[in-house]
Protein chains: 2
Amino acid sequence: MKTISRKEEIIRVASRLFYEKGYKTVSMRDIATAMNIKAASLYNHINGKQEILSEIILKLAEEFTVGMEKVVSENISAIEKVEKVIEMHVDITVNYSEALAALNNDWMHLEEEDLKAFVKMREDYEENFRKIIKQGIDAGEIKAYHPEVILFSILSTLRTLYLWYQKRGKIDVNILKKDMVSVLIKGIK
Amino acid sequence: MKTISRKEEIIRVASRLFYEKGYKTVSMRDIATAMNIKAASLYNHINGKQEILSEIILKLAEEFTVGMEKVVSENISAIEKVEKVIEMHVDITVNYSEALAALNNDWMHLEEEDLKAFVKMREDYEENFRKIIKQGIDAGEIKAYHPEVILFSILSTLRTLYLWYQKRGKIDVNILKKDMVSVLIKGIK
DNA sequence: TAACAAAACTAACGCTTGTTAGTTTAACTT
DNA sequence: AAGTTAAACTAACAAGCGTTAGTTTTGTTA
């Protein structure tokens, strides 16, 4: 039986607050109050505010990186790869919709080491996506728009999905996947 | 000859800093330092930090509202209306790319009155856009996906455009408009 | 040049921030 | 029941925050 540790609980509560108000606006006292303890008690479980942020963001970034690498290595067409990427985004969004806010809005508040690691992962991710699209265009599966514009359009939608997923009553995952694939793929095929 | 007032200069400098680090992270001393003056001097021109934020956001929101109402009132097809909306977004993005960061990321830090006004404008805007899409579906001009999914997909892309416009060397406005219309419209038509 | 207004300055305020040190309580293990 | 450890507590710190009051500098007009 897996019980969640106090540290994990702090991170979960912090994610929710960061989602609502942003990293800089949420104080350690805010997080503590939400857990019915005092701010100083948090330090029995974590090293500081900064650590909470990097745990949230880097763990998620890892998830995206691993997912993307898996898709890239599969022996399927470019369009199918794009579909898989979309489905991965939907899966992660559904499971971590609150943590995604920090990744999207507060990554610039990471410190030196972590910031560099995050930016690297992000760039690699985009580069992998870009390659898939180019490969699809070369194979004649995807319309020959500027790859950059296609990449931007799809990624923008996927990255903002967590906002809409929260706002409108958490639709069924499979329906959501189907809708996203439809709207995002049909336009470029 | 129109010279910009000191107040306008403060707002311009603040916009740039908010774009880079976010409203909460930027202090009045940061803004002052960027202008080579002391923080207290800012108060000769503005009433407070909060006023800077609301001037930035509400002025932009007004711009969107007016633009949308103009499009809605035109006697053209739904698809043409969507095109006009996309072009309006591109125009505003090009002219106010830094101020757009505050509107997108820091609107929740507005206070009571201003916050209510902003949310109202935003909702009205989305509702107008939604109506255009539904009208297009009814007229058979737009594919019969869920209107909400189409709305979300297009708006996400447009709202994030300011990030990409800054990152990749400020492309020519007309080319950008053409690309955006292509990618966003062809998928739903 | 004297007068005036605009816009800078210094100094300080009350408050909140993240974090630490040291102590007490609560919950298991033996 | 005694001992041990995890996790809470109180109290305080140094630094940074937005803002105010009062003063000095700067630049323009009479």
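None of these values were measured; they are calculated from a predicted model. Sequence lines set the chain letters: A, B, ... in the order given, protein chains first and strands last, and positions in each chain run from 1.
Relative orientation of the F64(B) and H89(B) rings is tilted, given thresholds of 30° and 60° on the angle between their planes.
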Give each protein N/O atom lying under 3.5 Å from an N/O atom of nucleotides 4-11 of chain C, with the pair distance.
{"residue": "dA8(C)", "atom": "OP1", "partner": "R6(B)", "partner atom": "NE", "Å": "2.7"}
{"residue": "dA8(C)", "atom": "OP1", "partner": "R6(B)", "partner atom": "NH2", "Å": "2.9"}
{"residue": "dA8(C)", "atom": "OP2", "partner": "H45(B)", "partner atom": "NE2", "Å": "2.7"}
{"residue": "dA8(C)", "atom": "N7", "partner": "N44(B)", "partner atom": "ND2", "Å": "2.5"}
{"residue": "dC9(C)", "atom": "OP2", "partner": "K38(B)", "partner atom": "N", "Å": "2.5"}
{"residue": "dC9(C)", "atom": "OP2", "partner": "S41(B)", "partner atom": "OG", "Å": "3.0"}

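The main-chain N or O of L110(A) is never found under 3.5 Å from a side-chain atom of D114(A) such that the two would form a donor-acceptor pair. Under the 3.5 Å distance criterion, the side-chain polar atoms of E141(A) are left unmatched by any main-chain donor or acceptor of G136(A). For the pair S41(B) (side chain) and I37(B) (backbone), a donor-acceptor distance under 3.5 Å is absent. Of the possible donor and acceptor atoms, one in the side chain of E80(B) sits under 3.5 Å from a partner among the backbone N and O of S77(B). Although no hydrogens or angles enter the test, the distance criterion places a donor-acceptor pair under 3.5 Å between the side chain of S15(B) and the main chain of I11(B).
Near DNA chain D, meaning a heavy atom under 4.0 Å away, the residues from residues 20-35 of chain B are V26(B), S27(B), M28(B), R29(B). Within residues 49-58 of chain A, no residue approaches DNA chain D, by heavy-atom distance under 4.0 Å.
Exactly one of L100(B), L176(B), T160(B) qualifies for a side chain to side chain contact (heavy atoms under 4.5 Å, CB included) with T93(B). That residue is L100(B).
For G48(A) against Y43(A), the heavy-atom pair with the smallest separation is CA-CE2, 3.9 Å.
Checked for salt-bridge contact, K167(B) and E126(A) meet the test: a charged N lies under 4.0 Å from a carboxylate O.
The nearest whole Å value for the distance from the OH atom in Y43(A) to the P atom in dC13(D) is 18 Å.
Overall, the helix from dT1(C)-dA30(D) to dT30(C)-dA1(D) carries an axis bend of 10° between its ends, with five pairs at each end and the value rounded to 10°.
Among pairs with a residue in residues 174-185 of chain B, those fulfilling salt bridge (charged side-chain N to carboxylate O under 4.0 Å, His left out) read D91(B)-K177(B), at least two apart in sequence or across chains. Residues in residues 19-40 of chain A take part in these salt bridge (charged side-chain N to carboxylate O under 4.0 Å, His left out) pairs, two or more places apart or across chains: R16(A)-E20(A), K21(A)-D30(A).
The closest side-chain heavy-atom distance from Y23(A) to Q50(A) is below 4.5 Å.
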